[in-house]
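Read the structure below first, then the notes.
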2 protein chains.
Amino acid sequence: MSTVSADGGRPPTLEQVARYAGVSRSTVSRVINAVPTVAPEIRETVERAIAATGYVPNLAARSLVTRRTDSVAIVISEPDRTSGTPFLNRMFTDPYVGRVTAGAQEVLLPQNIHLVVIPVDPPARHLVLRYLRQGHVDGVLLVSSHIDDPMPGLLDDLDIPTVLSARPGPPVRASYVDVDQRAGAHLAVEHLVGRGRRRLATICGPLDMTAGQERLAGFRAALLGYGQPDPPVVEADFTRAGGEAAARRLLATHADVDGLFVANDLMAEGAVRVLRELGRRVPDDVAVVGFDDSSAAAEAHPALTTIRQPVEEMAAEMARLLLARIRDPRRLSRAILFHPTLVIRAST
Amino acid sequence: MSTVSADGGRPPTLEQVARYAGVSRSTVSRVINAVPTVAPEIRETVERAIAATGYVPNLAARSLVTRRTDSVAIVISEPDRTSGTPFLNRMFTDPYVGRVTAGAQEVLLPQNIHLVVIPVDPPARHLVLRYLRQGHVDGVLLVSSHIDDPMPGLLDDLDIPTVLSARPGPPVRASYVDVDQRAGAHLAVEHLVGRGRRRLATICGPLDMTAGQERLAGFRAALLGYGQPDPPVVEADFTRAGGEAAARRLLATHADVDGLFVANDLMAEGAVRVLRELGRRVPDDVAVVGFDDSSAAAEAHPALTTIRQPVEEMAAEMARLLLARIRDPRRLSRAILFHPTLVIRAST
DNA sequence: ATGAAAGCGCTAACAT
DNA sequence: ATGTTAGCGCTTTCAT
């Protein structure tokens, strides 16, 4: 044991920094964790030692004692039996996920909390659960939109702090943030009627998603007030191609539609494409309202009138709820609903 | 200390499972890590104890000693000064990222390695680096496409096993996997010429990306062989809107183009839209070849002929290289190039 | 304000 | 085949 310095191939430890600075481990630890009770000069010496040795705290050692990792996961989930395109492909093509991530970062970054994105490919679900149980993260933001998605329930059992991006199918203990879907559909109907449209129809989303169900329910409820009790309804899958097919089906049976509420922008874009292909002018012959105000809406031709959900703000709120829950596990869970707004563009 | 059982609010430890099963910690550890030298009956007892106590290994404690986490990150990076749309939005709209993730999962899942996705919002870059340095993951798959992206160099300094998704600007020690971009451009040109086109042009990608540079270089090189030494070139930004604008600029100055090589599918889709808007039939008047064979290509109208890169297979190879490097840090790094193929659809 | 010492939960020699 | 023991690198009382 002639010497203990010299790079052993392993990263430097607290101990080594302490020796280098001529102080105790505790003092270095205090400096690193910004504990105020350290003499300014000593603090400086230690900081120099840290820089000189290139010291980086070892996460495993730290979180073994603190029981925190200062990172949270955003888990993107879908149940098994979904449609054609591979899940990962769809997940990364849906602008919604990016907006949620951005909104959450807004809150987490200033707090120095790391955010990792975890897609749940259904066959790998158990792996994801194991990852979360092992304590890689302090909490979970769960993006799940299918009524029969088992993930909300599974996470509930895991007893890890969780916040959901929408009302789950069966109720769970976790908090959730959602947009008032029905209010959004109301806005769309009022606007179409205000534009003088009297023969409305909808391309609704999958009825096994809460968003699909509620936007349709809102549409129907709103139309009741305008004396069109049984409007044409065509279901599609929230994709552009689905929207195209749905529009064809709709026009085949209801050629006289003059106002169309489409449950998301992607489908609306597809529907508009078909409408024009079949000789309808948009908005002159058919006015179209989408939902989401995703980037697709502004880029479409013509640009889409749509219902904006404040996705980023909602995600930020999710992050705040999660942090509060992590810091105080006994905090009561709650549901928070945001109001959607109408964004008028060229399609109405 | 009347008793040591009873749930203390904290998750059960190895120690508790051992006591419950009436064996030593080591034996439980052996069972968990599937060490063969455990008597079948004892193994069973222990497994029952694990189930009964609901034991889950504590990751921090384990990786403190093993120095592994059994998880890797896929880091999506872009340099600061990029265009309009927020980075996260773009990242999650680009189908490429989803395909890379899917391809990597293919290799990692069977090995029980967790994959987390980490977007690098440039202002948060230091946070990401810290995350990686702290040892949350054993290695990094870095998706970076800008020539001046500092991430490859920064990761190199971090001394963490890394594999890149493309040739980096300045060389680094890490391995990388790429497609033979120039060969792809050649395929496109040969095909267009084979279709009888003689007045070719290109909408190239950003010249600050290797993919943009090399696809253009390949296009020019191929055309030399067909006696069109100085073809029209318009640069755009790999987005649909960029493709539209580029097509307008191109036609304004070169109305007689009859064959168009577009450096990615998204731009090609935009270009086709404009071509038709300006009265050109595709492919009759202008044949169009895209690049990537992304989902956009098949969905476009008309469906796009394109150059397919085997993205999933490339990503799988990245994962294999990374695992090999993690398991043997002295392993030599290497570059692996994949051959692109021509996918013929309706646009040519 | 600083240091000493205990211990977080686990794996991996080593001993038996 | 199983048990004993010594750390892994850090935070956190508790003394001083």
Side-chain angles (χ1 to χ4, degrees), chain A residues 1 4-5 7-47 49-50 53-70 130 133-136 138, chain B residues 1 4-5 7-47 49-50 53-70 130 133-136 138:
Chain A
M1 50 142 68
V4 203
S5 62
D7 196 59
R10 291 234 271 236
T13 69
L14 248 201
E15 175 75 43
Q16 287 164 26
V17 176
R19 208 144 42 204
Y20 187 101
V23 299
S24 74
R25 281 212 304 273
S26 326
T27 301
V28 179
S29 175
R30 287 183 187 110
V31 169
I32 286 177
N33 294 295
V35 175
T37 65
V38 177
E41 22 170 301
I42 300 229
R43 154 162 282 118
E44 266 217 359
T45 317
V46 171
E47 267 157 4
I50 291 175
T53 51
Y55 172 74
V56 180
N58 177 311
L59 171 82
R62 165 180 284 171
S63 71
L64 180 54
V65 27
T66 62
R67 301 174 178 285
R68 289 184 305 96
T69 62
D70 288 334
R130 196 171 75 194
R133 294 214 302 174
Q134 281 183 336
H136 279 99
D138 299 333
Chain B
M1 49 144 67
V4 203
S5 64
D7 195 59
R10 292 235 269 236
T13 69
L14 248 202
E15 176 74 44
Q16 288 164 25
V17 177
R19 208 146 38 202
Y20 186 102
V23 298
S24 75
R25 281 211 306 274
S26 327
T27 301
V28 180
S29 176
R30 287 185 186 106
V31 170
I32 287 178
N33 295 294
V35 175
T37 66
V38 177
E41 22 168 301
I42 300 230
R43 155 163 282 119
E44 267 217 359
T45 317
V46 171
E47 268 157 3
I50 292 175
T53 52
Y55 172 74
V56 180
N58 177 311
L59 170 83
R62 166 183 282 169
S63 73
L64 179 55
V65 28
T66 60
R67 300 177 176 285
R68 288 184 305 95
T69 62
D70 288 333
R130 196 171 73 194
R133 295 214 301 175
Q134 282 183 335
H136 279 97
D138 299 333

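Letters A, B, ... are given to chains in the order of the sequence lines, protein chains preceding strands, and every chain is numbered from 1.
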**Prompt:** Within the structure shown, what part of the strands sits under 4.0 Å from A:Thr13 by heavy-atom distance: base, sugar-phosphate, or nothing?
**Reply:** sugar-phosphate
Contacts of [X] that satisfy side chain to side chain donor-acceptor pair (under 3.5 Å) - sequence neighbours left out:
X: B:Thr69; answer: B:Ser71, B:Asp138
X: A:Arg133; answer: none
X: A:Ser24; answer: A:Thr27
X: B:Asn58; answer: none

**Message:** Under 4.0 Å from OP1 or OP2 of C:dG3: is there any side-chain N or O of A:Thr27 that close?
**Reply:**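 The answer is yes; a side-chain N or O of A:Thr27 sits under 4.0 Å from OP1 or OP2.
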**Asked** To the nearest 10 degrees, what angle separates the axes at the start and end of the helix from C:dA1-D:dT16 to C:dT16-D:dA1, five pairs each?
**Response** 30°
**Prompt:** Heavy atom of residues 55-63 of chain B under 4.0 Å from DNA chain D: which residues?
**Reply:**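 None - not one residue of the stretch has a heavy atom sitting under 4.0 Å from the strand.
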Set of side chain to side chain contact (heavy atoms under 4.5 Å, CB included) partners for [X], sequence neighbours left out:
X: A:Val35; result: A:Arg30, A:Asn33, A:Thr37
X: B:Thr53; result: B:Pro12, B:Val17, B:Tyr20, B:Tyr55
X: B:Glu44; result: B:Arg48

**Message:** So, using salt bridge (Lys or Arg N to Asp or Glu O under 4.0 Å) as the criterion, who are the partners of A:Arg68 when residues are at least two apart?
**Reply:** A:Asp70
**Request:** Output all residues satisfying salt bridge (Lys or Arg N to Asp or Glu O under 4.0 Å) with A:Arg130, sequence neighbours left out; order by chain, then residue number.
**Result:** none
**Request:** With the side chain of B:Ser29 defined as its heavy atoms from C-beta on, choose the nearest nucleotide among C:dT11, C:dA5, C:dG3.
**Result:** C:dT11
**Item:** Closest to side chain of A:Val65, choosing from C:dT2, D:dC8, C:dC8
**Value:** C:dC8
Sort me out a list of protein N/O and nucleotides 13-16 of chain C N/O pairs below 3.5 Å, or just none if empty.
none

**Item:** Atom-to-atom span, CD1 of B:Ile32 to P of C:dT11 - whole angstrom
**Value:** 7 Å
